[in-house]
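To keep things clear, I will list the structure first and then write my remarks on it.
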Amino acid sequence: MINKINERVKDINVPGIRVFANQVAQYSDGINLTIGEPDFHTPDNVKKAGIEAIQQNKTGYSHNAGLFELREAVSNFFADRYSLTYDPETEIIITNGASGGIDSILRTILTEGDEVILTAPIYSGYDPIIHLCGAKAVYLDTTETEFIPDPSKLEELINDRTKAVIFNYPSNPTGMTLSKEQMDDIVSVLKKHEIFVISDEIYSENTFGKKHVSFASYEEIRHKLFLVHGVSKSHAMTGWRVGFVLSPKELMLEVLKVNLSNSICASLPSQYAAIEALNNSRDNPEEMNKSYVERRDYVNDRLVELGFQIKKPTGAFYLFPSIEHTGLTSYEFATQLLEQEHVAVVPGSAFTTFGEGYIRISYANSMENLEKAMDRIEKFMENLKVS
Ligand SMILES: Cc1ncc(COP(=O)(O)O)c(C=O)c1O
């Protein structure tokens, strides 16, 4: 029956992140630096809210857009943190993680032949859905502009087939954030064209040293903007599967139709836990950030000492050093490092071809593991010179 499978599904490759994560598990002393989730636990009060929901038999479906109480919590969170106003009644949908939101948005707006512009290198979760819709991902190369999108290059890529642009800042995999000035320039291009803007700001709470600016704060593009967010990264809740989409009412009515047909609603106990996270654990990301900054600085400095070129990240929990000086492809580098030193990193090529020449290191790991991993990378680099 395999020949009856949708050809577009066959085209999709298993994300490179998973391949190395699975392989490192075979080594008893393996260190996994591929992890895309916080190494912290969900806060106790949040876990308790989820447990209590189950004990009180709050285990059924919710409204398709999510519990009103959670939508209100989301609305208050964005109002307080970012001065953004979204009506919990009509402008917020609770989804199965940010991924569920991305899927529903893309399937709501895309049809055969559409183009979607993505900054690259970029998270691998968007391209497969674009492809399944019969649309095409068009990449805006950021490797020559320190991983910041060049507005004039963006303008050049926009044409009659362009349906949307996707941004993900703070960025997975580069850890870059955008300044207000950089965003002003990008928005001046976006506002001229009738295209959707999807801004995946899942790492907004993990921004270091400066406050995150949301694309939703630009009134001139609000009517065509989908803001994607969730508690996965901010509250160490990746397994609870709660995300949110925020957008104007007329667009949300359409997204809701698609979202309810694929998931009906997000898990109800998880929604209760998310209410507690947003209402009573807003300081949680800040506590994690203190550790992230310490680890980022440690790994960054060690890499620089070893001769890696690197743009120091200002958000998320990833470093994206260049490995071009080693003469290896990113896949070769990751494979050899894994086999020789039992350290798993993600080849940059997992984040589109524009990620070739880089590796992604996640520092969402203990300081002890990071120290060991860096010692092993040092040994690996010494052996590389000798051979
Ligand atoms: C940029 C980005 N967006 C979305 C997701 C998925 O988030 P969720 O677990 O809430 O579905 C990830 C996960 O790594 C991510 O890096």
Side-chain angles (χ1 to χ4, degrees), residues 78 82-86 91-92 98 101-102 104-111 113-123 125-127 129-130 133 135-172 174 176-204 207 210-229 244-252 254-255 314-315 352 354:
F78 282 97
Y82 300 109
S83 306
L84 296 172
T85 312
Y86 279 99
E91 297 186 315
I92 297 172
I102 293 161
S104 294
I105 296 165
L106 290 172
R107 289 193 302 121
T108 301
I109 64 173
L110 294 181
T111 48
D114 286 343
E115 291 184 0
V116 180
I117 299 172
L118 303 118
T119 60
I122 195 158
Y123 170 60
Y126 314 112
D127 184 278
I129 308 164
I130 295 168
C133 291
K136 186 177 153 206
V138 175
Y139 292 106
L140 195 174
D141 180 8
T142 64
T143 55
E144 272 158 29
T145 46
E146 302 194 319
F147 305 124
I148 302 299
D150 175 344
S152 55
K153 277 195 193 166
L154 170 64
E155 181 112 58
E156 278 166 30
L157 293 177
I158 298 173
N159 62 45
D160 292 347
R161 293 179 301 280
T162 309
K163 187 56 90 55
V165 187
I166 300 181
F167 295 101
N168 165 228
Y169 290 93
S171 155
N172 173 9
T174 67
M176 289 300 115
T177 54
L178 297 178
S179 69
K180 173 84 174 57
E181 294 68 36
Q182 286 159 343
M183 293 176 80
D184 288 350
D185 293 345
I186 295 167
V187 169
S188 69
V189 174
L190 296 173
K191 71 179 186 196
K192 286 193 278 179
H193 301 274
E194 228 180 49
I195 50 177
F196 292 110
V197 180
I198 302 169
S199 186
D200 178 351
E201 301 182 17
I202 185 99
Y203 293 98
S204 71
T207 302
K210 58 180 177 180
K211 197 157 189 273
H212 172 78
V213 181
S214 174
F215 271 108
S217 58
Y218 289 86
E219 271 312 315
E220 53 279 50
I221 56 167
R222 265 285 287 256
H223 64 287
K224 55 185 181 180
L225 179 101
F226 293 102
L227 175 58
V228 178
H229 212 285
F244 348 115
V245 176
L246 300 90
S247 195
K249 178 181 171 184
E250 61 166 1
L251 302 181
M252 287 308 244
E254 306 303 322
V255 176
T314 42
T352 76
F354 297 95

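Any value given below was found using the heavy atoms of this structure, including those in side chains, with hydrogens, waters and symmetry copies removed. In what follows, residues are counted from 1 in the order of the sequence shown. Because the structure is a prediction, the values reported are computed rather than measured.
Side-chain contact check for L154 versus L190: some heavy-atom pair is nearer than 4.5 Å. The side-chain heavy atoms of L225 and Y218, taken from C-beta on, include no pair separated by under 4.5 Å. For the pair Y139/I117, no side-chain contact is recorded, criterion being any heavy-atom separation below 4.5 Å from C-beta on. Side-chain contact between I186 and F215: present, with at least one pair of heavy atoms (C-beta onward) separated by less than 4.5 Å. Proximity of S217 to L84: side-chain heavy atoms (C-beta onward) are separated by under 4.5 Å at one or more points. With a 4.5 Å cut-off on side-chain heavy atoms, E91 and L246 do not count as touching. Taking the side chain as every heavy atom from C-beta outward, V165 and I198 never approach each other to under 4.5 Å. Residues T119 and N168 have side chains not in contact (no heavy-atom distance under 4.5 Å, counting atoms from C-beta outward).
D127 places no side-chain N or O within donor-acceptor distance of the main-chain N or O of I130, the cut-off being under 3.5 Å. A donor-acceptor contact shorter than 3.5 Å links the side chain of K163 to the backbone of I109. T162 places no side-chain N or O within donor-acceptor distance of the main-chain N or O of A164, the cut-off being under 3.5 Å. At distances below 3.5 Å, not a single donor-acceptor pair connects side-chain atoms of S199 with backbone N or O atoms of E201. In this structure, S104 contributes its side chain and G101 its backbone to no donor-acceptor pair below 3.5 Å.
Residue-environment remark: NZ (K136) stays at or below the threshold of 12 foreign heavy atoms within 6.0 Å.
Taken from OG in S214 to CE in M183, the straight-line distance is 6.5 Å, to the nearest 0.5 Å. Here the CZ atom belonging to R107 is positioned 8.5 Å from the CD1 atom belonging to I129, to the nearest 0.5 angstrom. One finds the OG1 atom of T352 at 11.0 Å from the CG atom of L140 (value rounded to the nearest 0.5 Å). Summarising the geometry, atom CZ belonging to F147 is positioned 12.5 Å from atom CD1 belonging to I122; distances are rounded to the nearest 0.5 Å. Taking CG of D114 as the start and CG of D160 as the end, the distance is 11.5 Å to the nearest 0.5 Å.
Of all heavy-atom pairs spanning T177 and Q182, the tightest one is O-OE1, 4.1 Å. Listed here is the closest heavy atom pair of T143 and F354: CG2-O, 3.2 Å. Minimum heavy-atom separation, P151 to V189: O-CG2, 3.7 Å.
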*Verdict with supporting geometry, Y126 and L118, side chain to side chain contact (heavy atoms under 4.5 Å, CB included)*: CA-CA 9 Å; Y126 314 112; L118 303 118; 3.7 Å; yes
*Checking side chain to side chain contact (heavy atoms under 4.5 Å, CB included) for the pair H212/Y203: CA distance, chi angles, key distance, verdict?*
CA-CA 9 Å; H212 172 78; Y203 293 98; over 6 Å; no
*Derivation and outcome, side chain to side chain contact (heavy atoms under 4.5 Å, CB included), residues I195 and I158*: CA-CA 9 Å; I195 50 177; I158 298 173; 3.8 Å; yes
*Taking it one step at a time, do I166 and L106 satisfy side chain to side chain contact (heavy atoms under 4.5 Å, CB included)?*
CA-CA 10 Å; I166 300 181; L106 290 172; 4.2 Å; yes
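Using modelled atom types and a 3.5 Å distance limit, the side chains of T314 and K210 yield no donor-acceptor pair. Side chains of Y169 and D200: no donor on one and acceptor on the other come within 3.5 Å.
For H229 and F78, the distance between ring centers is under 6.0 angstrom.
In this structure, the side chain to side chain contact (heavy atoms under 4.5 Å, CB included) partners of T145, at least two apart in sequence or on a different chain, are T142, D150. Residues meeting the side chain to side chain contact (heavy atoms under 4.5 Å, CB included) test with E254, sequence neighbours left out: T108, K257.
Judged by a 6.0 Å distance limit and a 45° cone about the ring axis, R222 is positioned over the six-membered ring of Y86.
Listed by first then second residue, pairs satisfying salt bridge (charged side-chain N to carboxylate O under 4.0 Å, His left out) with a partner in residues 184-196 read E155-K192, K180-D184, not counting sequence neighbours.
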